[in-house]
Amino acid sequence: MKRAIYPGSFDPMTYGHLDVIKRASEMFDVLIVGVLNNNVKSPLFSVEERVKILEEATRDIPNIQVSSFSGLTIDYAAENNLHIAVRGLRAVTDFEYELQMAQTNKELSKGKLDSVFLATSLEYAYLSSSSVKEIASFGGDVFQTVPDFVARLLYEKYGYDFDELKKKYYG
Ligand code: PNS
């Protein structure tokens with residue numbers, strides 16, 4: 001049985017993440033979406049909220065499991081007998097960081113955790129959780145970047161009314 005982990009912050013999950021999840025779910029028997037719960041980054045959404053969002057967005061994909069983890073990805077992978085990490089590559093600018101992370105994980109795990117990369121579909125190549133949060137923080141249009149239920153949660157965090165903004169942008 002081929003299992004893989006897709007680790008990330010997912011703060012929050014965007015259509016770009018969902019694209020990688022859907023495509024990876026067709027390549028592996030089981031895909032574990034691992035939501036990082038390290039305290040160093042101060043996320044907008046709690047780890048419980050991020051897990052819930054991913055569960056809701058992937059509930060029609062049977063071979064996805066969503067869980068949170070703390071510490072190093074290689075340790076979580078070893079505990080769960082996972083040997084492949086999936087990551088999305090949006091542009092050349094991602095490459096350096098991703099290559100370094102993949103090589104670090106490979107070295108640290110003594111070769112036990114390898115990485116595979118999926119080129120993000122072009123329509124989502126510009127997307128990042130950070131920019132989605134920034135747009136939402138100013139009441140901008142995030143409806144093309146995250147599912148509606150995530151947009152609602154995002155706008156709530158920043159004190160905006162979801163229905164008002166939906167009407168403003170889409171009539
Ligand atoms: O969605 P992100 O923030 O790009 O995901 C980064 C993530 C969570 C994959 C990475 O920061 C990670 O694996 N963190 C756990 C700590 C770790 O293993 N660090 C060593 C990798 S160089």
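Counting starts at 1 for both ligands and their atoms, following the listed order.
- Remark: ligand 1 atoms within the under-4.0 Å shell around heavy atoms of Gly71 are 15 (C), 16 (C).
- Residues Ser121 and Asp19 have side chains that bring a donor and an acceptor to within less than 3.5 angstrom of each other.
- Near Tyr97, meaning under 4.0 Å from any of its heavy atoms, are these atoms of ligand 1: 6 (C), 11 (O).
- Close approach to Ser9 involves these atoms of ligand 1, each under 4.0 Å from a residue heavy atom: 1 (O), 2 (P), 3 (O), 5 (O).
- Salt-bridge check for Asp94 with Arg87: failed, with every basic side-chain N at 4.0 Å or more from each acidic carboxylate O.
- Residue nearest to atom 19 (N) of ligand 1, selected from Leu113, Leu72, Asp94: Leu72 (by heavy-atom distance).
- Using a cut-off of 4.0 Å between Lys/Arg side-chain N and Asp/Glu carboxylate O, Lys168 and Asp141 are scored as not salt-bridged.
- Between Thr104 and ligand 1, not a single N/O pair is under 3.5 Å apart.
- For atom 8 (C) of ligand 1, the choice among Asp75, Leu36, Asn38, Asn105 with the nearest heavy atom turns out to be Leu36.
- To the nearest 0.5 Å, atoms OH (Tyr76) and CG (Leu82) are separated by 7.0 Å.
- For an aromatic pair to be called close, the ring centres must be under 6.0 Å apart, and Phe138 with Tyr160 fails this.
- Ring orientation note: the planes of Tyr170 and Phe143 are nearly perpendicular, at an angle over 60° on the 30°/60° scale.
- Ranking the protein heavy atoms by distance from atom 10 (C) of ligand 1 puts Met101 SD, 3.7 Å first.
- Relative orientation of the Phe162 and Tyr155 rings is tilted, given thresholds of 30° and 60° on the angle between their planes.
- With distances taken over non-hydrogen atoms, the option nearest atom 12 (C) of ligand 1 out of Asp11, Thr73, Val35 is Thr73.
- Proximity to Arg87 (heavy-atom distance under 4.0 Å) selects the following atoms of ligand 1: 1 (O), 2 (P), 4 (O), 5 (O), 6 (C), 9 (C).
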